[in-house]
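Structure record follows, encoded as structure tokens.
Positions are given from 1, in the same order as the sequence printed here. Read the numbers this way: they start at 1 and go in the same order the structure lists the ligands and their atoms. The structure displayed is predicted, hence computed values, not measured ones.
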Amino acid sequence: MKILVIGSGGREHAMVWKLSQSPARPKIYAIPGNPGIGKLAETVQLKVDDIQGILEFALNEKIDLTLVGPELPLSLGICDQFRKNGLKIVGPTQRASRIESSKAYSKEIMFKYQIPTATAEIFTSAKKAREFILKTPKPLVIKADGLAAGKGVVIAESDEVAISTIESFMEKRSLGDAGSSVLIEEFLEGEEISFLVITDGKHVLPLAEAQDHKKIFDGDMGPNTGGMGAYSPVPLVTETQKAEILNQIMIPIVRAMELEGAPFTGFLFGGLILTRGGIKVLEFNARLGDPETQVILTRLQSDFVELLQKTADGQLDRFQLKWQDEASVCVVIASAGYPVSSGAKVPITGLETINAKEDHGLVFHAGTEFKNQSVLASGGRVLGVTACGKSIQEARKFAYEAISKIHFDGMQYRKDIGLKAVNR
Ligand code: AMP
Ligand code: GLY
């Protein structure tokens, strides 16, 4: 059996690692992969947006099943192209992936089907957006409609910031077409949680919940990043709340997509906030999260290959997800300057000293490259050190002990990943 994974981050390394544990013993390919993935899979140097090139590769190699990591190829219709050519793939159609690639579309569906979310107005005119800002109390949250790699959301405390964001997104087109429409949203406060499901369009199975740490510095300070670490399970959310999320948010959105003629299949990610006024949706993503995947898949006991096959075949009613009792913590190590700038490429030492069994730690690669026999940190989020333990506290201990063996110049990581769950 041949399985192809699309993407090159820590999320995709965790996917490939979990696939490599399957009793089905698949041959794994990754496009483009990274040096960590290269130890478990054959990597193929194509770009994730080269849909035609990836399709030709999959047809030539007779790939049995493909799993897509990032949003870009989904939004370009990779799943439609694969299915048209008789290839099995796990992920939503281009139409269904608009739940992530258009925040305006996503908001309209939530309003139409009464799925709880922040109130918002959608604007295509900068003039109207300005008028709305001036008459509405702050803070306000301004969101570019399209995909913006984490740069499309600004929390504006003042008229000045709100109006300059409108100018930047809509008039100067700082994010290209992604900012031609904007949402201006009510500001919500509360704990954030990532709640993911897998669906074949009809059946919906919840995954273990996780909490991401979006800010660069300890104590949730500094600018937003792609995610500096995650943990699972999340004791801040009760069993009753999880049932509510599944039954009042995740299942209803899957049903809504079906009624809209854009049935969703694959992994659906709810970015939620637990406010005093109830649980609300901040966003949906049409894929697994990064670094949520690293902690979710290290806790997954079931066979990942069978899960993906059953999803592709519309048979999720015949599958039961099993989870380890253990907790998992992933601490991301980023390069100097992240998330603002990317510094020089520097060698990483200590990677080979970490043993999954003795150290209870797995090192998932993200921003690394292999050059002259050594692994270099090439910028951004570099590694995701992930460990399981009897409790979050123990998993944290293992993860930070493993990190103490790794070094590269300028490395930075948060010391408080999962601490909220320990201190409560
Ligand atoms: P999004 O891409 O929509 O999930 O937004 C990115 C981040 O911005 C979220 O994880 C939140 O931390 C923050 N955010 C988004 N929408 C809101 C909101 N309505 N109120 C407060 N914070 C928000
Ligand atoms: N960790 C958030 C995301 O993957 O979008």
Side-chain angles (χ1 to χ4, degrees), residues 7 9-12 14-15 68-72 74-75 97 99-107 110 116-122 136-157 162 165 169 175 178-179 182-196 207 209-216 220-232 234 267-297 330-332 334 339 364 366 380-381 384 417:
R11 165 181 54 205
E12 288 78 15
M15 288 171 173
V68 188
E71 58 276 22
L72 181 61
L74 295 170
S75 72
S97 73
I99 194 81
E100 172 167 7
S101 64
S102 168
K103 286 187 188 286
Y105 172 78
S106 164
K107 194 58 99 175
M110 286 189 268
T117 184
T119 58
E121 301 268 342
I122 300 165
T136 313
K138 316 298 147 326
L140 283 172
V141 184
I142 312 221
K143 299 186 173 185
D145 173 49
L147 293 178
K151 299 199 163 43
V153 176
V154 172
I155 295 172
E157 308 270 355
T165 304
F169 287 0
L175 304 169
V182 299
L183 279 73
I184 303 184
E185 221 175 78
E186 159 196 24
F187 174 76
L188 298 175
E189 275 179 292
E191 281 295 331
E192 288 184 41
I193 159 162
S194 305
F195 194 97
L196 291 94
L207 305 186
E209 77 285 358
Q211 188 173 46
D212 189 5
H213 298 62
K214 288 213 163 77
K215 302 283 200 253
I216 183 80
D220 295 330
M221 306 298 274
N224 258 336
T225 68
M228 291 302 289
Y231 67 92
S232 173
V234 185
F267 291 98
L268 180 59
F269 174 134
L272 312 174
I273 184 161
L274 313 179
T275 75
R276 276 206 231 151
I279 303 171
K280 298 193 177 169
V281 179
L282 290 178
E283 64 165 349
F284 286 114
N285 294 323
R287 51 172 175 83
L288 278 165
D290 189 340
E292 287 88 344
T293 304
Q294 291 85 317
V295 292
I296 290 173
L297 291 186
C330 171
V331 181
V332 169
F364 294 123
R381 293 189 288 173
I417 302 302

For ligand 1, which atoms, with element, lie under 4.0 Å from some heavy atom of [X]?
| X | value |
| --- | --- |
| Lys103 | 1 (P), 2 (O), 3 (O) |
| Phe187 | 20 (N), 21 (C) |
| Glu185 | 16 (N), 18 (C), 19 (N) |

Donor-acceptor check, side chain of [X] to backbone of [Y], threshold 3.5 angstrom: yes or no?
| X | Y | result |
| --- | --- | --- |
| Glu185 | Val141 | no |
| Arg11 | Glu292 | no |
| Ser106 | Ser102 | no |
| Ser232 | Glu209 | yes |
| Lys214 | Asp212 | no |
| Asp145 | Ala178 | no |

Grab the two heavy atoms, one from [X] and one from [Y], that are nearest each other, plus how far apart they are.
| X | Y | result |
| --- | --- | --- |
| Ile216 | Pro339 | CD1-CD, 3.9 Å |
| Arg287 | Gly69 | CB-O, 3.4 Å |
| Leu288 | Met15 | CD1-CE, 3.6 Å |
| Leu72 | Ser75 | O-OG, 2.8 Å |

Checking a contact table here: which protein heavy atom is nearest [atom], and how many Å away?
| atom | answer |
| --- | --- |
| atom 22 (N) of ligand 1 | Ile155 CD1, 3.8 Å |
| atom 6 (C) of ligand 1 | Val153 CG2, 4.0 Å |
| atom 3 (O) of ligand 1 | Lys143 NZ, 2.9 Å |
| atom 2 (C) of ligand 2 | Asp212 OD2, 3.6 Å |
| atom 20 (N) of ligand 1 | Leu188 N, 2.8 Å |
| atom 9 (C) of ligand 1 | Glu192 OE1, 3.6 Å |
| atom 7 (C) of ligand 1 | Asn224 ND2, 4.2 Å |
| atom 23 (C) of ligand 1 | Leu282 CD2, 4.0 Å |

For Lys151, enumerate each residue passing the side chain to side chain contact (heavy atoms under 4.5 Å, CB included) test, keeping only those at least two apart in sequence or located in another chain.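 For Lys151, the residues satisfying side chain to side chain contact (heavy atoms under 4.5 Å, CB included) (neighbours in sequence not counted) are Leu175.
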Check the side chains of Thr225 and Lys215 for a donor-acceptor pair under 3.5 angstrom, ignoring hydrogens and angles. no
Charged N to carboxylate O under 4.0 angstrom, Glu283 versus Lys143? no
Is ligand 1 under 4.0 Å from a heavy atom in the side chain of Lys214, in the backbone, in both, or in neither?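 Looking at Lys214 and ligand 1, just side chain atoms fall under 4.0 Å.
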Decide whether an N or O pair under 3.5 Å exists between Asp290 and ligand 2. yes
Does ligand 2 have any atom that is closer than 4.0 Å to a heavy atom of Gly271?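 Contact check Gly271 vs ligand 2: negative.
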Show which atoms of ligand 2 fall inside a sub-4.0 Å distance from at least one heavy-atom site of [X].
| X | value |
| --- | --- |
| Asn285 | 5 (O) |
| Gly289 | 4 (O) |
| Gly226 | 1 (N) |
| Arg287 | 3 (C), 4 (O), 5 (O) |

Before signing off on this row, confirm whether Val141 and ligand 1 have an N or O atom pair separated by under 3.5 Å. no
Using heavy atoms and a 4.0 Å limit, tell me yes or no: is Glu189 in contact with ligand 1?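 Contact absent.
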Side chain, backbone, both or neither: Arg11 near ligand 2, heavy atoms under 4.0 Å: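 Answer for Arg11: neither.
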